[in-house]
2 protein chains.
Amino acid sequence: MPRKRSKYHHGDLRAALIRAADDLITEGGIETFSLRAAAQRAGVSPAAPAHHFGSAKGLLTEVALLAYERVAQYLAEVGGSADPVADIRALSLAFVTFALDHPGHFRLMFRNDLVNRDDPRYPEIAIKPGERLALALAAYQGKSGMDLDRFEDAADIFCALSTLHGLADMVLAEKAAPFFRKATSRSFVKKQLPKVLERLYPRKKRTRI
Amino acid sequence: MPRKRSKYHHGDLRAALIRAADDLITEGGIETFSLRAAAQRAGVSPAAPAHHFGSAKGLLTEVALLAYERVAQYLAEVGGSADPVADIRALSLAFVTFALDHPGHFRLMFRNDLVNRDDPRYPEIAIKPGERLALALAAYQGKSGMDLDRFEDAADIFCALSTLHGLADMVLAEKAAPFFRKATSRSFVKKQLPKVLERLYPRKKRTRI
DNA sequence: CCCTCAATCTAAACGCCGTCAAGATATATT
DNA sequence: AATATATCTTGACGGCGTTTAGATTGAGGG
């Protein structure tokens, strides 16, 4: 459809605004985004988004939901091999890599002041990365699956996910520097993080302490 | 000193503004804070803070530095026993408890857009919680200390710190609910988290996978 | 085919925000 | 006492999200 077939009807403004917001966040993080900037990029007035999304939070919720799907894509591109150890490491690395590739989106996903957590689509989309990791963790632990009703399983998954989130968030916040000599966050993820993950998920059984 | 000895001289505006900002963040998180609100609470005009802190970032940097010291206080109140296992668990619990008690400050500490990371006081203050945890982790691992020049030590500390940060951030973001049946974040930290930490830092040696 | 009507977007305004420039005032210095 | 400096106010600017009223467009029913 045409980009603008008339002054008062964009054509597909809803999708255009989501794309504009997504691009803004990609380019400069959440602090670059503003509802007016997204509207301007879509070629409409500042008040136009309100009709489609209600508020800035509504638009950012769409962007966040897309971001969760993007995480799932990152995780879908690795793992699935016959080697559970390699799988869990690769998944972990992919998770942090997503954060490094899309820092604005990664941070947005944890900004409950900017994202509507009551959106009915949220629970099933947001849980998918956790489910993917749970399967890999079960295989790593030599189990056939995880049961969230078992406290031990839930605790292990939650801890593993928290560690990955923490690693990513620490790297993005430039909090890794005191512990590793590194130039950039990217070099850390490429060079040091794989070795860290080897230590976190060792191949050989070893006593824990 | 008097709260206001004259119209144009507050007396100790700098401290009053820091306190006002700290209180605002305590009451309603970072989204409640504004430079104008802090100024109003201190009883001065919106432009007054500029002279003492340059910008909102300058004021928030002071609040963030205070928050790091508060984390250190939380960590100082536990541990130090003859039981390394109990210590590392208690420290971990204290860390997450701080996040739950001061969610606004916890989040502020990771907002590099709001805090001046180039402040000369930052490195030595921000590293202290990590150092405290490093000692406890060394004891837990049966070592006398940690050497950040050893990659294995740096990796272990960074992972442990990332896990704690991740746990806290996940809890604050209400991301623990899918994994645990719980009413509030507070009840999770009180009831389930100690058991999670027992699993994370077991007393008996066991094979890791 | 036209006419009505609902959907869509604009224009203008409101009250916030952080920040800057200029001016007023109080304290410190000489 | 006179001057200088530090401190705070006033007023303004541009940007923000959002609201209200109005203009325009596309669609469906006679």
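Everything quoted here is computed from the prediction, not taken from an experiment. Just so we're on the same page: letters track the sequence lines, and every chain starts at 1.
- The interatomic distance linking B:L17 (CG) with D:dC8 (P) rounds to 8 Å, in whole Å.
- Distance from the side chain of B:H10 is smallest to D:dC8 among D:dC8, C:dT10, C:dC20.
- The CG atom of B:D113 sits 18 Å away from the P atom of C:dC17 (whole-angstrom rounding).
- The salt bridge (Lys or Arg N to Asp or Glu O under 4.0 Å) with B:E62 is formed by just one residue from the set B:R121, B:R19, B:K57; it is B:R121.
- Toward the 5' end of DNA chain D, the nearer of the two residues B:R14 and B:R36, judged by each one's closest nucleotide, is B:R14.
- The OH atom of A:Y8 sits 19 Å away from the C1' atom of D:dA27 (whole-angstrom rounding).
- Between B:D87 and B:R132 there is no salt bridge, since no side-chain nitrogen of the basic residue lies less than 4.0 Å from a carboxylate oxygen of the acidic one.
- At the heavy-atom level, B:A56 lies under 4.0 Å from the strands shown only through sugar-phosphate atoms.
- Remark: C1' of C:dG18 and CG of B:L24 are 15 Å apart, rounded to the nearest angstrom.
- Residue B:S45 has no polar side-chain atom (N or O) positioned under 4.0 Å from OP1 or OP2 of D:dC8.
- No more than 12 heavy-atom neighbours from other residues, nucleotides or ligands sit within 6.0 angstrom of CZ on A:R181.
- Put simply, A:H52 has a side-chain N or O that comes within less than 4.0 Å of OP1 or OP2 on C:dC9.
- When the C1' atom of C:dA26 is taken as reference, atom CG of B:D12 falls 16 Å away, rounded to whole Å.
- Look at CZ on A:F33: it is 14 Å from C1' on D:dG15, rounded to the nearest Å.
- Proximity note for B:A47 (side chain, C-beta onward) versus C:dC9, D:dT19, D:dT10: the nearest is D:dT10.
- Rounded to a whole Å, the NZ atom of B:K57 is 10 Å from the P atom of C:dT19.
- Under the 4.0 Å criterion applied to side-chain N and carboxylate O atoms, A:D22 and A:R70 are assigned as salt-bridge partners.
- Side-chain N/O atoms of B:H51 include one lying less than 4.0 angstrom from OP1 or OP2 on D:dT7.
- Between A:H165 and the options A:F106, A:F95, A:F98, a ring-ring contact (aromatic ring centres under 6.0 Å, His included) holds for only A:F106.
- We find that CG of A:L114 is positioned 14 Å from C1' of D:dC16, with the value rounded to whole Å.
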